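Structure, as structure tokens:
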Number of protein chains: 2
Amino acid sequence: MVVSQAEPRTCSIARTLEVVGEKWALLAVREVFLGNRRFDEMVRRTGAPRDTLAARLRTLVERGIFERRLYSEHPARYEYRLTDAGRELYPVILSLMRWGDRHLAGEEGPPLLLEHSCGHTLVAEVVCEACREPVSARDVRPVLPVG
Amino acid sequence: MVVSQAEPRTCSIARTLEVVGEKWALLAVREVFLGNRRFDEMVRRTGAPRDTLAARLRTLVERGIFERRLYSEHPARYEYRLTDAGRELYPVILSLMRWGDRHLAGEEGPPLLLEHSCGHTLVAEVVCEACREPVSARDVRPVLPVG
DNA sequence: AGTTGAGCGTCCAGATTTCCGACTCAAGCG
DNA sequence: CGCTTGAGTCGGAAATCTGGACGCTCAACT
């Protein structure tokens with residue numbers, strides 16, 4: 001009897017979204033990538049409600065995306081820094097940004113540019129690590145891991 | 001008077017998240033990339049509540065990510081297909097998946113593998129379109145567009 | 001000394017979303 | 001006829017999000 005196991009898949013996409021898929025989470029991550037590590041600054045730049053952002057930062061610290069670091073004693077002040085795992089979210093941020101640049105930027109073009117150390121404006125592209133070719137959905141076939 | 005315009009930025013990341021950032025949206029997109037274009041199938045594979053998924057599909061169609069296409073008259077049945085814009089979300093999906101594979105897969109490894117047409121298992125990497133080098137956050141500097 | 005302001009939150013009440021199970025409706029199957 | 005499949009809708013409970021007010025500590029101004 002072949003059971004067509006149609007239970008919800010818990011793929012890596014779903015798992016990742018459980019960590020950073022809540023509202024405002026990725027915008028908080030964006031701000032830290034842009035160098036704004038402080039609560040008030042993040043509130044201003046993201047537009048998130050203070051309460052919501054506070055909650056989000058708490059869970060992102062718990063989940064190992066941010067580290068809460070004391071940067072001033074006395075008025076005890078903390079800033080949020082990316083952990084290594086957090087830093088590896090950069091491709092996610094770049095892909096989202098790229099899509100928005102292409103599909104949602106008005107005539108004025110993208111509202112933010114990134115300059116790569118090679119001297120060019122960064123345009124992010126996803127390639128296959130093995131052959132270095134750009135990847136499009138039609139070149140890819142899903143395979144169940146041997147288990 | 002220098003006004004430190006700290007109003008919420010509407011960057012491309014925020015804009016993109018407004019389109020696909022709601023709960024279940026990207027999982028619906030994932031399913032269609034995996035070839036499951038039908039409502040019931042998506043419900044089963046994602047685990048989303050039926051009504052939430054129905055709402056999500058509606059907005060994703062409105063926003064030009066999916067096309068709702070009749071595949072059977074009489075019992076009128078529709079399936080959801082990616083538009084060109086939707087197909088370009090592939091890098092987002094791949095980046096999320098990659099992060100999950102690295103940081104959230106248990107001992108059994110990733111729950112799903114992708115085979116690239118080059119013959120290797122796909123490992124997605126983000127490179128700078130200009131110099132083809134892998135991009136890391138520290139090689140990048142934000143620049144405000146001349147306006 | 002008193003006031004203002006920055007920085008970093010918490011608290012609360014109300015609005016929105018999400019969730020879940022049950023239900024509908026229209027075929028097609030045996 | 002009664003069961004199954006496909007694609008939803010409905011209603012009420014639960015969770016999440018929101019905006020505004022408030023608290024606290026310190027530093028700087030008047």
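Everything numeric in this text was worked out from a predicted model, so none of it was measured. Order of the sequence lines fixes the chain letters, A, B, ..., with proteins taken first and strands second; residue numbering starts at 1 for each chain.
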Closest to the 5' end of DNA chain C, once B:Trp24 and A:Asp40 are matched to their nearest nucleotides, is A:Asp40
In whole Å, I'd like the distance from the CZ atom of B:Arg38 to the P atom of D:dT4. 20 Å
Please give, in whole Å, the distance from C:dT17 P to A:Lys23 NZ? 7 Å
Criterion side chain to side chain contact (heavy atoms under 4.5 Å, CB included) against B:Glu129, the qualifying member of A:His120, A:Arg98, A:His116: A:Arg98
Before you tell me yes or no, could you show the steps for B:Glu18 and B:Arg15 under salt bridge (charged side-chain N to carboxylate O under 4.0 Å, His left out), namely the whole-Å CA-CA distance, both residues' side-chain angles and the distance that decides it to 0.1 Å? CA-CA 5 Å; B:Glu18 247 153 73; B:Arg15 287 177 182 157; over 6 Å; no
Pi-cation contact, B:Tyr71 with B:Arg37 (under 6.0 Å, within 45°): no
The nucleotide from C:dC8, C:dT10, D:dG6 with an atom nearest the side chain of B:Tyr71 is D:dG6
Between A:Arg63 and A:Glu22, does any side-chain N to carboxylate O distance fall below 4.0 Å? yes
Nearest to the side chain of B:Arg77, which nucleotide is it out of D:dG8, D:dA21, D:dT5? D:dT5
Tell me: CZ of B:Arg56 to P of D:dG8, nearest whole Å? 15 Å
Go through C:dT18, D:dA7, D:dC26 for me and flag the one nearest to the B:Phe39 side chain. D:dA7
Relative to the 5' end of DNA chain D, which residue comes earlier, A:Arg50 or A:Pro75, by the nucleotide with the nearest heavy atom? A:Arg50
Any idea which of D:dC17, C:dT18, C:dA27 is nearest the A:Thr52 side chain? D:dC17
Between C:dA27 (C1') and B:Leu70 (CG): distance, integer Å: 14 Å
Separation of B:Asp51 atom CG from D:dG6 atom P, in whole Å? 19 Å
Rounded distance in Å - CG (B:Leu27) to P (C:dT18): 13 Å
Rounded to the nearest angstrom, tell me the gap between atom CE in B:Met42 and atom P in D:dA7. 9 Å
Strictly below 4.0 Å, N to O, side chains only: are B:Glu115 and A:Arg141 in salt-bridge contact? yes
Nucleotide nearest A:Arg44 when distance is taken to its side chain, options D:dG8, C:dG7, C:dC8: C:dG7
B:Arg68 CZ to D:dG8 P: how many Å, rounded? 5 Å
Contact under 4.0 Å: A:Tyr80 side-chain N or O vs C:dG9 OP1/OP2: yes
